Amino acid sequence: MTDSTTLQVGPFTVAIDSPIDAVHRNIDLHYAGHPPPRQTDFIDFHIAIRSPSLLRRWLRPQIVFSVDGEEPFNPLPRSQAYAQFEWGLNWCISVYMHRYLLIHSATLEKAGKLIVLPGTPGSGKSTLCAALSAHGWRLFSDEIALIDPQSLETFPLPRPINLKNESISVISRFAPGLQFGETVHDTTKGSVAHVSPTHESVARQHETARPAWIIFPKYTPGSSTEFDMTPPNQGLLDLAGNAFNYHVHGSQGFQCLRRLSEEATFARLRYSDLDDVVREIEQRVLVQ
């Protein structure tokens, strides 16, 4: 094993430098099918995950995440090194990749229909994303929709799905065929585990699509599945509230959202039963 590896993940090339076995072990697990970058590819992010000092390797071991020499986060326990890589890469994309309109959402495609699932933490979007992935939906992203503001083409970013707390056992029972990584406990988000993207999602990571549906999910324990259509003007406002960099794009960002509100169908979704909600989404989205 070497300390360095380079990944091609959707439109980005990421170099990771770390002496920590768990980082490389999980990258080997979750990114095994990703194609190697070409020697001519520009590296978008140079990431390092290392101990902050020699003493910290042995006394309350910690790690520090850095990108291009900058350290944007406080040190974390060494056990969270791989989780910090995934969280840190999300941060890098949201802060630097302004050539896209970035929406905080899960994004998946099936039969040519791309759905965007914006949601705040606790909305159940990652749980729903994993359930749909297990039912043959191609994973674009669990966290960030990359939308070209001019063409509305959305670029795949097939990375591990980040499940938290009860969602880990829920999805492991619902879809035992998915590939889970190790569970890390006592993070600021609680217990965290990652699910690998499917082989098809990785193999087709350069195939873009335009959003057909934008659905705002909300997990509510014990509720029936409720699928309510949303007026385009309200959908536009809600989508803007889930954009990382809407303000950066200015008028072009507004025009992008306006065109999305004209081309895509908006809805709100309340659910608790995964079998039922997957069936409802497929009946609504794929039959239309």
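Since the model is a prediction, treat every value here as computed from it, not as a measurement. Only this structure's heavy atoms are used, side chains among them; waters, hydrogens and symmetry mates stay out.
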To the nearest 0.5 Å, how far apart are [atom1] in [X] and [atom2] in [Y]?
| X | Y | atom1 | atom2 | result |
| --- | --- | --- | --- | --- |
| Ser79 | Gln84 | OG | CD | 11.5 Å |
| Ile20 | Tyr82 | CD1 | OH | 13.5 Å |
| Glu280 | Thr225 | CD | OG1 | 6.5 Å |

Determine whether a donor-acceptor pair (N or O, by modelled atom type, separation under 3.5 Å) exists between the side chain of [X] and the backbone of [Y].
| X | Y | answer |
| --- | --- | --- |
| Asp3 | Asp17 | no |
| Gln234 | Leu236 | no |
| His249 | Phe254 | no |
| Arg210 | Ser151 | yes |
| Ser172 | Ile168 | yes |
| Glu71 | Ser66 | no |
| Ser261 | Arg258 | yes |

Could you list the residues that satisfy side chain to side chain contact (heavy atoms under 4.5 Å, CB included) with Val9, not counting sequence neighbours? Leu7, Tyr31, His34, Leu157, Arg159

Residues passing the side chain to side chain contact (heavy atoms under 4.5 Å, CB included) test with Ala15, sequence neighbours excluded, are Thr6, Ile43, His46

Would you find more than 12 non-hydrogen atoms of other residues, nucleotides or ligands less than 6.0 Å from [X] atom [atom1]?
| X | atom1 | answer |
| --- | --- | --- |
| His199 | NE2 | no |
| Glu70 | CD | no |
| Asn233 | CG | yes |

Hey, does [Y] have a side-chain heavy atom less than 4.5 Å from the side chain of [X]?
| X | Y | result |
| --- | --- | --- |
| Ile171 | Leu274 | yes |
| Arg50 | Pro19 | yes |
| Pro221 | Tyr219 | yes |
| Asp148 | Phe155 | yes |
| Gln8 | Arg38 | no |
| Ile63 | Val23 | no |
| Ile281 | Leu128 | yes |
| Leu239 | Pro118 | yes |

For Leu132 and Ile115: C-alpha separation, side-chain torsions, deciding distance, then whether side chain to side chain contact (heavy atoms under 4.5 Å, CB included) applies. CA-CA 11 Å; Leu132 290 167; Ile115 59 173; 3.8 Å; yes

[X] and [Y]: same hydrophobic cluster, using ILVMFWY side-chain contacts below 4.5 Å?
| X | Y | result |
| --- | --- | --- |
| Leu178 | Leu139 | yes |
| Tyr271 | Ile161 | yes |
| Ile16 | Leu76 | yes |
| Leu117 | Tyr246 | no |
| Leu269 | Met229 | yes |

Heavy atoms only: give me the nearest [X]-[Y] pair and the separation to one decimal.
| X | Y | value |
| --- | --- | --- |
| Ala240 | Leu257 | CB-CD1, 3.5 Å |
| Gln205 | Pro35 | NE2-CD, 3.2 Å |
| Asp276 | Asp273 | N-OD1, 2.7 Å |
| Lys113 | Trp137 | O-CZ3, 3.7 Å |
| Pro156 | Pro11 | O-CD, 3.4 Å |

Side-chain ion pair, Glu200 and Arg138, N-O less than 4.0 Å: no

Please list, chain by chain and in numerical order, all residues satisfying ring-ring contact (aromatic ring centres under 6.0 Å, His included) with [X], sequence neighbours excluded.
| X | value |
| --- | --- |
| Phe65 | Phe73 |
| Phe266 | none |
| Phe180 | none |

Is there a side chain to side chain contact (heavy atoms under 4.5 Å, CB included) between Leu146 and Ser141 once you walk through the steps? CA-CA 9 Å; Leu146 308 172; Ser141 177; over 6 Å; no

Strictly by side chain to side chain donor-acceptor pair (under 3.5 Å), give each pair with a member in residues 114-132 just once, sequence neighbours left out. Ser126-Asp142, Thr127-Ser167

Would you be so kind as to tabulate the donor-acceptor pairs closer than 3.5 Å made by side chains of residues 189-197, with sequence neighbours excluded?
unit_1: Ser191; atom_1: OG; unit_2: His185; atom_2: ND1; d: 2.8
unit_1: Ser196; atom_1: OG; unit_2: His30; atom_2: ND1; d: 2.7
unit_1: Ser196; atom_1: OG; unit_2: Gln179; atom_2: NE2; d: 2.9

Under the side-chain hydrogen bond (donor to acceptor under 3.5 Å, both in side chains) test, which residues partner Thr154, sequence neighbours left out? none

Any salt bridge (Lys or Arg N to Asp or Glu O under 4.0 Å) involving residues 214-237? Give me the pairs, sequence neighbours left out, ordered by first then second residue. Glu226-Arg270

Give me each pair satisfying salt bridge (Lys or Arg N to Asp or Glu O under 4.0 Å) with a member in residues 160-185, each pair once, sequence neighbours excluded. Arg25-Glu182

From CA spacing to verdict: side chain to side chain contact (heavy atoms under 4.5 Å, CB included), Asn26, Phe85: CA-CA 10 Å; Asn26 282 280; Phe85 164 69; over 6 Å; no

Using ring centroids (six-membered ring only for Trp), state whether His135 and Phe174 fall under 6.0 Å. yes

Apart from Leu114 itself, what residues make up its hydrophobic cluster when side-chain heavy atoms of I, L, V, M, F, W and Y under 4.5 Å apart count as a link, directly or indirectly? Phe140

Donor-acceptor contacts, no H, no angles, side chain residues 93-106, under 3.5 Å, sequence neighbours left out:
unit_1: Ser94; atom_1: OG; unit_2: Asn90; atom_2: O; d: 3.2
unit_1: Ser94; atom_1: OG; unit_2: Trp91; atom_2: O; d: 2.9
unit_1: His98; atom_1: ND1; unit_2: Asn245; atom_2: ND2; d: 3.2
unit_1: His98; atom_1: NE2; unit_2: Val95; atom_2: O; d: 2.8
unit_1: His104; atom_1: ND1; unit_2: Gly119; atom_2: O; d: 3.2
unit_1: His104; atom_1: NE2; unit_2: Glu143; atom_2: OE1; d: 3.1

